Every structure is written in structure tokens, then in C-alpha cells.
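Everything quoted here is computed from the prediction, not taken from an experiment.
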Amino acid sequence: MPQFIVYFAQYHEDFRLAELEALSKLENVAIEYDASTYSLESPFLIVNINSVEEATKLVRRGILVRNIIEYWGHGSTYEELFARVKENPEKWADFKTCSFKFNVEAFGRTLTQKEKVAIINTFKFLAFEGPIRMKNPDAEFIVREEYPVTNNALQAETPAMIWFGRLVGQGSRELIDKFDVKKRRYLGNTTMDAELSLVMANQALARPGTLVYDPFVGTGSFLLTCSHFGACSMGSDIDGRQIRGTAGFRLGVDGISANFEQYGVGDRVLDTAVFDICRNPWRSGPMFDAIVTDPPYGVRAGAKRLGRKDGTNPDISFKIVEGVENYKREDYYPPTIPYEMSDLVSDLLEFAAEKLVVGGRLVYWLPTVADEYDPKDIPEHPALKLVANSEQPFRSWSRRLITMEKIAPLESSHKLSTPEHNPAHKNFPVVGGGAAGFYTAARLLAKTTDVNIDIFEKLPAPHGLVRYGVAPDHPEVKNCMSKFDEVANNARVRYFGNVAIDGHDKPSGLSVNMLRSVYDGVVLSYGASEDRRLNIPGEDGHENNVGVISARRFVAWYNGLPEAQDLEPDLTSHDRVVIIGHGNVALDCARILLTPPHVLEKTDITSNATDKLKQSKIRHVEMVGRRGPLQVSFTTKELREMTKIENVQIVSDVELVNSECESSEGRDYLSQMRPLKRMMDLLRKHAVSPTDPRATQASKTFTLKFLMSPQEVVYDGDMQKLRFQANGLEGSPADARAVAKDATVDIPCAMALRSIGYASTPLDGVPFDAKRRLVPNIAGRVIDNENNVVEGLYVSGWIKRGPVGVIATTMQDAYRTADAIVMDLANNAIGHSASQAKVNQMLAQANIDQNRVSNEGWKRLEQFEFAAGEARGKPREKVTSVQKMLDIIRDK
């Protein structure tokens with residue numbers, strides 16, 4: 001196939017390939033390219049296309065494409081370029097006598113006119129005989145010098161690459177100016193900028209004969225751009241004031257219809273309406289070719305849905321204002337309640353799965369925390385496939401343009417709603433009252449009207465690792481507890497605290513088999529309560545030395561988990577602690593050990609822990625991993641927090657970090673791994689070498705060590721040392737392997753923490769993969785050793801996928817499990833004989849109420865903790881004894 005050079009604009013670099021692929025589908029032009037040659041730092045890409053005509057067609061409505069050039073050659077020097085051009089002299093013949101011009105520019109540098117003329121003269125070997133015509137020539141030849149991107153002010157003297165060819169097509173970047181928001185008659189505070197609105201129209205494949213819908217239309221930016229490209233469009237919003245023009249920056253211009261008139265698309269904007277997308281009037285079944293939207297997640301304006309906090313009917317307000325029924329007034333805004341982001345995204349995907357035609361596209365914005373983003377956090381739906389995921393970074397957060405395509409009709413097996421005529425109530429227990437359990441319950445409540453849920457938790461207090469695992473100085477992560485309270489307060493939910501299931505720690509008279517005998521299905525979400533061991537000599541301590549203790553247990557100790565309160569961490573026998581592992585939990589431990597106690601005591605860390613930390617002699621924490629800096633598992637957010645601790649110097653092997661980042665493989669890898677690149681930039685900015693005076697003279701240090709594997713704990717009297725094997729690396733950065741060397745290194749320390757992963761435990765009567773330490777499953781449905789689905793048995797959270805991810809990951813994972821349950825209910829695959837009476841009878845026979853803590857009991861305990869915390873100037877003071885919890889709950 002003929003080759004062409006796509007010359008991109010150097011803006012929104014992460015969006016360019018996604019738009020190019022959309023243009024290919026939109027224009028029905030086949031393209032081929034080597035994705036490994038694409039770089040965010042370069043605007044050039046070689047693409048194979050069948051013909052010049054198709055190349056011209058491909059880019060004609062491109063927004064991030066400047067132009068497309070018929071490829072004649074490229075090279076790192078002009079000599080190399082000329083050699084390639086001379087390989088195809090037949091191309092010259094067609095243009096020997098036609099009029100022509102040369103267009104010479106540089107990327108990464110400004111060329112003088114004199115330099116441009118000199119460059120043009122080097123192409124005299126082409127021997128064109130036609131006239132030079134600066135306006136409308138028969139042929140325009142493009143020369144582009146590409147200079148390397150550098151981190152300093154000095155520009156490179158020579159180009160890294162020179163590109164040459166004939167211009168054959170232009171993009172449509174002039175539309176950015178045409179649709180500039182500053183030129184619009186009507187403008188609101190949520191108006192999307194023109195460039196991205198146009199890109200989204202391309203991603204949506206907007207074209208004549210298609211119908212596009214924006215369910216959060218605001219001031220109508222997407223209707224403008226999609227209709228410009230020929231699509232018919234419609235929009236709706238819960239806030240009619242934006243549509244009517246009674247709210248916004250420019251009032252009195254007839255709202256968004258003024259913009260439709262201004263741009264001549266009024267005949268293609270079919271209508272806009274005011275309603276809550278959760279209570280929409282659309283007929284059932286597919287009807288839209290694309291849904292394009294920017295949901296109001298709360299970054300600029302919080303999402304709302306109809307409702308009143310007191311639960312009364314929000315549909316109609318009968319209040320009379322100035323003689324007019326309130327709901328008929330132009331400035332009327334209906335009573336609303338907050339619309340949580342997780343629910344909004346879930347509802348949006350389900351709406352798209354139902355309302356899109358097969359092949360139709362959902363294009364929407366999703367905000368993410370830049371330092372914590374994981375591709376697994378992107379929501380999924382069985383009827384939709386992910387087509388593109390492009391990031392627009394800001395500072396601490398970013399937003400992602402997500403493009404999904406409907407791949408199949410929404411069959412009954414995909415529908416996430418309960419059959420309309422099914423009056424019998426279904427009953428499900430959730431084993432484990434942590435985030436996974438509550439999110440699974442929340443999703444079941446949202447997607448059904450006839451499911452009752454019993455949540456069983458072995459401790460009196462719910463919320464699992466949100467309460468006992470999240471760092472005390474990360475209170476924002478614990479905001480999800482308010483969502484869990486909503487679940488627990490629901491009339492269809494009962495909380496059974498202080499009730500363990502057989503095999504889940506201690507027997508209590510209940511087993512999984514007993515639950516399965518009376519419930520319609522069982523959800524296991526009991527997480528990972530153990531940790532992986534190093535299995536090295538001396539790990540368990542010697543005489544007065546503690547040896548290596550679990551980071552999981554250390555975290556549980558300072559967070560108040562009752563079973564961990566007998567831990568006696570050694571913080572005084574030496575000034576150093578070694579942490580084995582390069583994950584976020586390891587960084588949490590390091591931060592707690594080095595943060596001044598007067599800072600921590602304002603959080604919900606236990607007073608016992610702060611008292612112990614006030615006596616600590618630990619001044620140096622060394623975090624050791626077996627591989628290199630490009631293989632660490634912690635996030636930029638966690639590392640950044642280490643840079644802000646008072647009087648702590650970050651130390652590392654700066655030479656190793658720099659060499660890994662600056663190697664050709666490292667640069668290529670980092671160019672594709674933006675979060676990791678940001679992290680390495682942060683590390684290189686703050687870290688100093690161990691011999692640097694800033695390290696040797698620092699009162700406190702946090703040291704990141706690489707390429708070391710623990711071999712044994714060596715004891716010498718009251719002193720303990722950790723002996724490490726030195727490693728080298730083999731393989732590419734993406735799959736680098738640690739290879740042992742002969743050298744060893746000893747590090748003396750008060751204690752060592754192992755942070756190499758959590759591990760789940762089996763439950764009696766439940767299949768368990770002992771190697772992977774999880775319950776085997778397919779999409780949350782438990783399978784046996786022969787890969788057969790175990791009817792009515794489901795898993796959610798870490799017991800389902802392993803101990804990875806953040807709260808948002810757990811939420812999405814739990815939602816998928818709940819969706820599987822709802823699908824199975826809809827297909828009558830489960831839920832045939834259970835009843836609430838049978839459930840209650842079984843629980844009574846097991847004498848569960850004798851020990852049970854209800855939700856009311858838990859809230860009584862929580863109020864006690866709040867009051868105790870207020871007295872100490874902190875959010876809460878956790879009760880760390882189960883017996884004391886029960887005494888408070890029972891008012892003893």
C-alpha cells in the first residue's frame with residue numbers, strides 16, 4: 001500500500017490516534033500503521049492507505065490532523081533523506097512540468113527565511129521545470145524538520161528527523177476558530193471548548209443520517225458540533241434554566257437555541273427537553289446512533305437527580321410563586337439530591353446499552369485521580385466494548401474521554417433490570433461487610449426492587465479495610481462510608497455484625513452450606529485477611545528481636561483492628577526500619593513511621609499507636625524491592641506525600657534511576673506509561689544519592705532501594721540485620737526479571753516489615769485456588785475444579801480478583817458481580833425456592849441474635865467513637881476491643 005505522512009497538531013496528543021481510527025471508520029478508509037512508532041512527542045506518523053484519494057478523504061474533517069502528505073522519504077540527515085527520495089524517481093515524472101511550491105518549516109525550532117531558502121535549494125536534483133506558484137500551485141511539497149524535545153532551554157542544533165513529501169489533504173482545524181466559545185451568543189459555565197467538542201463529534205461518528213443524543217446537554221456544545229457534521233441531534237437536562245437561557249454567562253439571548261441559529265444548524269437540532277435521565281420518557285429499545293456527553297461529576301458542578309432528602313415525591317411542586325405554579329416558571333429548578341459518580345456512570349452505560357443501535361457509540365468524559373488511575377477502573381458493560389481511552393491531564397487529576405461501541409443487541413442475558421412481573425422477594429447474604437460487600441449490595445438495591453440483603457460481618461463494626469486498612473491521614477478515601485450508611489439504612493438490608501461464617505475465622509453456628517440451603521444465592525466478599533510470607537530463615541524473630549512482621553498487621557495495629565492490638569512493634573532498639581516491598585501499603589507504613597506524631601494524632605489513628613510513635617527512635621526508613629525503579633507498584637500520589645513530610649530527605653540510587661529512565665528502552669517505555677513517567681520525574685526531582693551531604697546530614701531519611709532480594713535475618717545478640725542478595729535485571733522494562741548476583745548486603749534495623757501482598761483464606765464448602773489464593777470464578781460466578789459454574793454462589797472484591805486495586809477498582813468489580821446476579825435472576829437461573837421465613841427460621845435455630853450487632857447497634861458504637869474523638873480533637877477514637885464494643889452497644 002502507498003505510504004503517507006500524517007502530520008498531527010501537537011495538542012491533545014493522547015487523543016490523536018483515537019480520532020484517526022474514528023476517521024478511518026467514518027470515511028470507510030482502511031489504514032495500516034505501526035503503533036510502536038507513534039510517539040506523543042512527535043507530530044508525524046507513517047500510515048499506509050490505498051490511494052491519494054482515500055488519504056485526502058481520511059483527514060478532511062480531522063481536528064487533530066493538520067494535513068496528510070504523500071510519503072517521498074525521511075531521514076535523520078539530508079543525505080539519508082535524499083537517498084530515499086532518489087529510490088523512487090518515477091514519482092518525480094508526474095510533476096516535472098506542473099506548477100509547484102515548497103513549504104519548509106521545523107517542529108521544535110523556528111527557521112529563518114534564509115535557512116528555508118537554503119533547504120529548498122538542496123532539492124534541485126528533482127529538476128522540476130514548471131513555474132513556481134505561491135498561490136494554488138498544482139503541487140505543494142512539504143519539508144518538515146523535526147527537532148528533539150529537550151528538558152532545557154537549549155535547542156538542538158540538528159534535526160532528529162527530516163520528512164519530505166507532497167501535500168494531498170488538509171484537516172479541518174479552522175473549525176476550532178469557527179466554534180470558539182468566545183464567539184457564541186450564549187455561553188454557560190459548563191460549556192465545552194470547541195476543539196474537544198469537535199473531536200468528540202468525530203469519535204461519535206456523527207454524520208448525515210445519524211441521530212445523536214446528549215443526556216446532560218447544558219449549553220449544547222455537542223449538539224452544535226455533531227449537527228455541523230450533518231447529524232440530527234437531541235438533548236436533555238435536569239436543569240431547564242441552562243437550556244432556556246435563564247442561567248449562564250450571557251443572558252437574554254434565547255438560550256442555546258441562539259447558538260443553533262448562529263451556526264445554522266437549527267434544522268438538525270430536533271429538540272431539547274427538561275427531565276431527569278433516571279426518569280426519562282424515551283421508549284424502550286435502541287434509537288440513537290451516538291450518545292455524546294460530559295456528565296456533571298462535581299469537578300465543576302455536582303451531579304443531581306430528582307428527589308427530596310425527606311423522601312417525598314419530587315415530581316411536582318404545587319407551590320405558587322407570584323401567582324404561577326412554581327413548576328411552570330421559567331426559572332424553576334426541581335428539588336434534587338446528589339447523584340453519586342459511581343451510580344451516574346453505571347446508569348449511563350446501562351442507558352447506552354439499551355438505547356444505542358448496534359454499532360452505535362457512547363462518548364463521555366470520566367474524571368480520574370491522575371496518581372491513582374488504573375485501566376481496570378474504566379467501567380464495563382457486557383453489551384459495550386471499549387474503543388478508545390484518551391487522557392487530558394491537569395494537575396492532581398485528569399479526565400478521560402471514553403469511547404465505547406455497542407457490539408450486540410441487549411439480550412435478556414445482558415439486561416441489568418429485574419423482570420417486571422416477579423412479585424416474590426429474593427434473599428441474598430453478603431459474607432463480609434467491607435467495601436466489596438457494601439458496593440455489591442448497593443448495586444443490587446439499585447438494579448432490583450425485590451431483593452433482600454443480609455450482610456454478615458465477623459466484627460461488630462463494618463467497612464473492613466476502609467476502616468482498618470486505609471491510612472488515617474487519607475480521610476477523603478473514607479468518604480465512601482456515607483454510601484455504605486445509605487445501604488445499611490435501606491429497608492431491604494439487614495446488618496449482622498459480630499457474626500462469622502464457618503471457615504471465616506471462627507465458627508459461629510453458620511456455614512456457607514447453611515446459607516446456600518435457605519438463600520437464593522450467596523455472595524462472598526470477605527477479602528484477604530492474611531499476608532504472603534518471605535519464607536526466609538529468621539523471619540519469625542529470635543528472643544527479644546521481632547524479626548520480620550507483616551505490614552498488613554502493622555497497618556491493622558495503628559488503625560485499631562482488635563485482633564492486631566497485641567502487636568508490639570519495635571520502635572526503640574535501633575533508629576532504622578526496613579520495609580520489603582515497593583507498593584502503596586509499604587509507603588503508608590513508611591509515612592506513618594516518619595510523620596511527626598502531633599500531625600497524626602489529629603487523624604483517626606488510635607491513641608495507643610500515637611503514644612507508641614511518640615516514643616519512637618526511628619529516624620530512617622529503607623524501602624527495598626527486588627527489581628528496578630521502573631517496576632515499582634506504588635503511585636505518584638503516595639510518593640508525593642513522602643516529599644511533604646517535615647524534615648525528611650528522600651534518598652535513592654540517583655545514578656540507577658537516571659540510567660533506567662534515560663536508556664532508549666526506558667524512554668520508550670515511559671512515553672507509553674504517563675503515570676509512571678510523572679512518578680519518575682517526581683523521584684528524580686526530590687531524591688539525592690546516599691553520599692550526598694543532604695542525605696548524610698539529614699535528621700530523617702526515607703530511602704528507596706532497588707535490585708535487592710531478602711535472604712535471611714541475621715541475629716547478633718540484641719541486634720538484627722536483614723541480609724539481601726544483590727540483583728541485576730533482565731528483559732524489557734515491562735517484563736523485567738530480577739537475576740541474582742553473588743554480592744550480599746546487610747542492613748541493621750529495629751524491625752522489618754514485609755509488604756509483598758495480602759492473601760485470602762478458604763471457606764468450607766467453597767472452591768479455592770490455593771496457588772492464586774482466591775476463589776475461582778467467571779465474572780463473579782464461582783466455578784468448581786472442572787470449570788463448572790456453582791449455581792447461586794458469587795464472589796466480589798479481593799477474594800474474587802486478588803488483593804489489587806483501590807476503592808474505585810473494588811466498586812467496579814462489585815458492580816460486575818451484582819450485574820451477574822441480576823442477569824441470573826432475570827434468566828431464572830437462580831432463586832427458585834427461598835423465602836424470608838425460611839431464612840429467619842434458620843438464623844433463629846443458629847441462635848444468631850444472641851451475638852448479633854445490628855446496624856442500630858453499630859451506629860450507637862460509632863456515636864461513642866465520634867464523641868471520644870471530639871474530646872481529643874480528632875474525627876473519632878476507635879474502640880479497639882471487641883468486648884468493649886459489645887459493652888458500648890449493649891449499654892453496659
Undergrad: Answer yes or no on whether Lys96 is positioned over the face of Phe128, meaning its NZ or CZ is under 6.0 Å from the six-membered ring centre and within 45° of the axis.
TA: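 That pair does not qualify as a cation-pi contact.
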Undergrad: Where does the angle between the aromatic ring planes of Trp163 and His74 fall among parallel (under 30°), tilted (30 to 60°) and perpendicular (over 60°)?
TA: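 Ring orientation, 0 to 90° scale: parallel.
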Undergrad: Kindly write out the residues that satisfy salt bridge (charged side-chain N to carboxylate O under 4.0 Å, His left out) with Arg268, not counting sequence neighbours, or none if the list is empty.
TA: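 By the salt bridge (charged side-chain N to carboxylate O under 4.0 Å, His left out) rule, Arg268 matches no residue at all.
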Undergrad: Quick one: sort the Phe44 and Phe107 rings into parallel, tilted or perpendicular, breaks at 30° and 60°.
TA: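 Rings of Phe44 and Phe107: perpendicular, over 60°.
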Undergrad: So His12 and Phe15, would you call those rings parallel, tilted or perpendicular, with 30° and 60° as cut-offs?
TA: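 Rings of His12 and Phe15: perpendicular, as their planes differ by over 60°.
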Undergrad: Salt bridge (charged side-chain N to carboxylate O under 4.0 Å, His left out) with Glu660: which residues, sequence neighbours excluded?
TA: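 Glu660 satisfies salt bridge (charged side-chain N to carboxylate O under 4.0 Å, His left out) with no residue once adjacent residues are dropped.
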Undergrad: Indicate whether the side chain of Ser227 and that of Ser233 have a donor and an acceptor atom separated by less than 3.5 Å.
TA: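 Looking only at side-chain atoms, Ser233 and Ser227 do form a donor-acceptor pair, the distance falling under 3.5 Å.
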Undergrad: Parallel, tilted or perpendicular: which one describes the rings of Tyr213 and Phe351, with boundaries at 30° and 60°?
TA: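 Because their plane-to-plane angle lies in the 30° to 60° range, the rings of Tyr213 and Phe351 count as tilted.
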Undergrad: Can you list everything that forms a side-chain hydrogen bond (donor to acceptor under 3.5 Å, both in side chains) with Ser76? Sequence neighbours excluded, please.
TA: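 With sequence neighbours excluded, Ser76 shows a side-chain hydrogen bond (donor to acceptor under 3.5 Å, both in side chains) to Glu80, given in chain and number order.
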Undergrad: Do we get Arg61 above Phe229's six-membered ring, with its NZ or CZ under 6.0 Å from the centre and within 45° of the axis?
TA: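 Judged by the rule (NZ or CZ under 6.0 Å from the ring centre, within 45° of its axis), Arg61 counts as positioned above Phe229.
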Undergrad: If the threshold is 4.0 Å, N to carboxylate O, is there a salt bridge linking Glu140 and Arg166?
TA: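 Between Arg166 and Glu140 there is no salt bridge, as every charged N stays at least 4.0 Å from the carboxylate O atoms.
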Undergrad: Please work out whether the ring planes of Tyr38 and Phe8 are parallel, tilted or perpendicular, with thresholds of 30° and 60°.
TA: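 Perpendicular: the ring planes of Tyr38 and Phe8 meet at over 60°.
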Undergrad: Using the ring of Trp365 (Phe, Tyr or Trp, six-membered ring only), decide whether Arg399 places NZ or CZ under 6.0 Å from its centre and within 45 degrees of its axis.
TA: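 That pair qualifies as a cation-pi contact.
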